Enquirer: 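Sending over a structure as structure tokens; questions will come in a sec.
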Amino acid sequence: MPDSQPPRSLDRILTKKDLKQHVPFTSHHIARLEKAGQFPKRLQLGPNRVGWLEREIQAWVDEKSSGRD
């Protein structure tokens with residue numbers, strides 16, 4: 001039976017939990033990479049809520065994987 005879900009949009013916002021499915025780093029390591037300008041910056045969604053744009057995370061993963069031999 002075909003999948004009835006629509007294709008996922010890369011404009012969606014990833015939560016910390018979602019981000020772990022794309023990047024297997026700890027929250028602390030991600031924060032260090034962000035501070036160093038080596039990882040996409042988070043969006044402040046509320047006083048205690050952050051997220052990342054999926055398209056930026058996917059572009060970062062693609063960039064990392066393109067350097068492989």
Side-chain angles (χ1 to χ4, degrees):
M1 179 173 235
D3 190 8
S4 61
Q5 294 182 343
R8 292 182 354 165
S9 167
L10 291 180
D11 286 334
R12 77 184 194 120
I13 295 174
L14 301 176
T15 64
K16 283 185 180 183
K17 184 178 178 181
D18 296 332
L19 184 63
K20 291 249 183 225
Q21 295 175 4
H22 294 271
V23 182
F25 294 155
T26 66
S27 296
H28 293 281
H29 187 60
I30 289 170
R32 284 192 295 269
L33 290 173
E34 282 178 305
K35 188 174 183 179
Q38 300 174 353
F39 194 80
K41 294 213 180 268
R42 63 186 70 202
L43 301 169
Q44 192 69 45
L45 302 173
N48 299 311
R49 189 84 165 162
V50 296
W52 291 262
L53 290 175
E54 185 174 22
R55 65 181 149 79
E56 291 180 356
I57 298 303
Q58 189 59 53
W60 183 85
V61 169
D62 291 346
E63 178 185 324
K64 294 297 180 190
S65 65
S66 69
R68 293 178 52 185
D69 291 334

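This one's a predicted model, so the numbers in the text were calculated from it and none came from an experiment.
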Enquirer: To the nearest 0.5 Å, what is the distance between CZ (Arg32) and CD (Gln38)?
Expert: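 Going from the CZ atom of Arg32 to the CD atom of Gln38 covers 11.0 Å.
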Enquirer: Rounded to the nearest 0.5 Å, what's the gap from CD1 on Ile30 to NZ on Lys16? Could you check?
Expert: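 Result: 8.5 Å between the selected atoms.
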Enquirer: Rounded at 0.5 Å granularity, tell me how far CD1 in Ile57 sits from CD1 in Ile13.
Expert: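 Atom-to-atom, Ile57:CD1 and Ile13:CD1 are 12.0 Å apart.
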Enquirer: Calculate, to the nearest 0.5 Å, the distance between atoms CG and CD belonging to Leu19 and Glu54 respectively.
Expert: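 CD of Glu54 is found 10.0 Å from CG of Leu19.
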Enquirer: Is it true that, when you exclude Lys20 itself, more than 12 heavy atoms of the residues, nucleotides or ligands shown sit nearer than 6.0 Å to its NZ?
Expert: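 Correct, the count exceeds 12.
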Enquirer: Compare every heavy atom of His22 with every heavy atom of Gln58, then report the nearest pair and how far apart it is.
Expert: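 Between these two residues, the closest heavy atoms are OE1-ND1, 4.2 Å.
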Enquirer: Which heavy atom of Glu56 sits nearest to which heavy atom of Pro40, and what is that distance?
Expert: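 Result for this residue pair: O-CG, 3.6 Å.
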Enquirer: How long is the gap from CZ on Phe39 to NE2 on His29, to the nearest 0.5 Å?
Expert: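 Phe39 CZ to His29 NE2: 9.0 Å, rounded to 0.5 Å.
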